[in-house]
Amino acid sequence: MQVYLNGQYMEETQATVSIDDRGFLFADGVYEVVHLYRGKPFEWERHLARLHRSLAGIGVGGVSDQELTEARDRLVGDVKTEEAALYIQITRGTQRRSHAPPPAGTIAPTVLMWVRPVDPIRADLVQNGVAVVTTADDRWAKVWIKTIGLLPNVLAKGKAIEAGAYEALFVRDGIVTEATSANVFRVSGGEIQTAPVTNYILPGITREVVIELARGAGMTVVEQPFPIEALYGADELFLTGTLTEVLPITRVDGRQIGAGAAGPVAQKLLQLLRQRAGMA
Ligand code: PDD
């Protein structure tokens, strides 16, 4: 597999970064994951815009859209599978270890990009839904920055897997924020609800598209916080994310949700999303 690293294309095994890379030392960097459907990047402009917001959020400049788009096109040219993921990671760069970030523009950021095949979400998961557990959202207060510092997410995901579940839902002060790598929606009385965009969630691109698709299909969507208790009594729950697409949740903390299988709203929204991606 070819990767793009700092202006060059090389085999994955040849791509190395310094032990002084600030991404390695401090998780001082940001990333994006873009879904490629038959080689076509889904919602590229929105991913680019979010990447720039994240970069601005950590004060890193010097990355042009031209560089990213050229590398994207070259890497995408190698894709042989129906679906793939394009990963973009930008760290502040390499500098002898010091907490103090160097003045803006004095070191070159490390830019890494690769494309790997993804397996389409398994049909049985989409049909039967997945189990999740709830866990304390002990992340920082700038979750909108898509930082590579994902330790809380990693630990929460580990907790979910240990419990035999697929994902963990973060709960902050009794309010459900999102999952470790997806946003969360709830359906109750015909109304679709998801947490509003605040500093405490990642503003998911899929979340945004799903809201648009739902409204376009005449469904009611409210962006309002909901407490953990509202999970258990929901008619439907589902996750949204770049690789997750729309994935029903049918069990929370061991309790069955709704009918215990994919609900009609989640199924419809998945279908609309796949259509929008040119896959249905
Ligand atoms: N994760 N919330 C978190 C914490 C995420 O990490 C992600 C995406 C989302 C969904 O955002 P989007 O719809 O833009 O993918 C929400 C990516 C896919 C990842 O970490 O691999």
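For clarity, every value in this text was computed on a predicted model and none was experimentally measured. Just follow the structure's listing: the first ligand is 1, and inside any ligand the first atom is 1.
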Where do T180 and K157 land on the side-chain hydrogen bond (donor to acceptor under 3.5 Å, both in side chains) test, with the steps shown first? CA-CA 6 Å; T180 71; K157 182 85 177 188; 4.8 Å; no
In terms of residue, atom name and distance, what is the protein heavy atom nearest to [atom]?
| atom | answer |
| --- | --- |
| atom 2 (N) of ligand 1 | E178 OE1, 2.6 Å |
| atom 20 (O) of ligand 1 | Y31 OH, 2.6 Å |
| atom 21 (O) of ligand 1 | V33 CG2, 3.5 Å |
| atom 11 (O) of ligand 1 | G204 CA, 3.4 Å |

I'd like to know if the side chain of [X] pairs up with that of [Y] as donor and acceptor (distance under 3.5 Å, no hydrogens or angles considered).
| X | Y | result |
| --- | --- | --- |
| E11 | Q2 | yes |
| T91 | D28 | no |
| Q66 | E70 | yes |
| T110 | D21 | yes |

Short version for I205: what comes under 4.0 Å of ligand 1, heavy atoms counted, is both
Side chain or backbone, does T240 bring an N or O within less than 3.5 Å of an N or O on ligand 1? no
Have a look at R50, K146, R139 and point out the one with the heavy atom closest to atom 17 (C) of ligand 1. K146
Ignoring hydrogens, just give me the one of T242, T244, V209, N183 whose non-hydrogen atom is nearest atom 15 (O) of ligand 1. T242
For the residue pair F42 and Y37, does the interplanar ring angle fall in the parallel (under 30°), tilted (30 to 60°) or perpendicular (over 60°) class? perpendicular
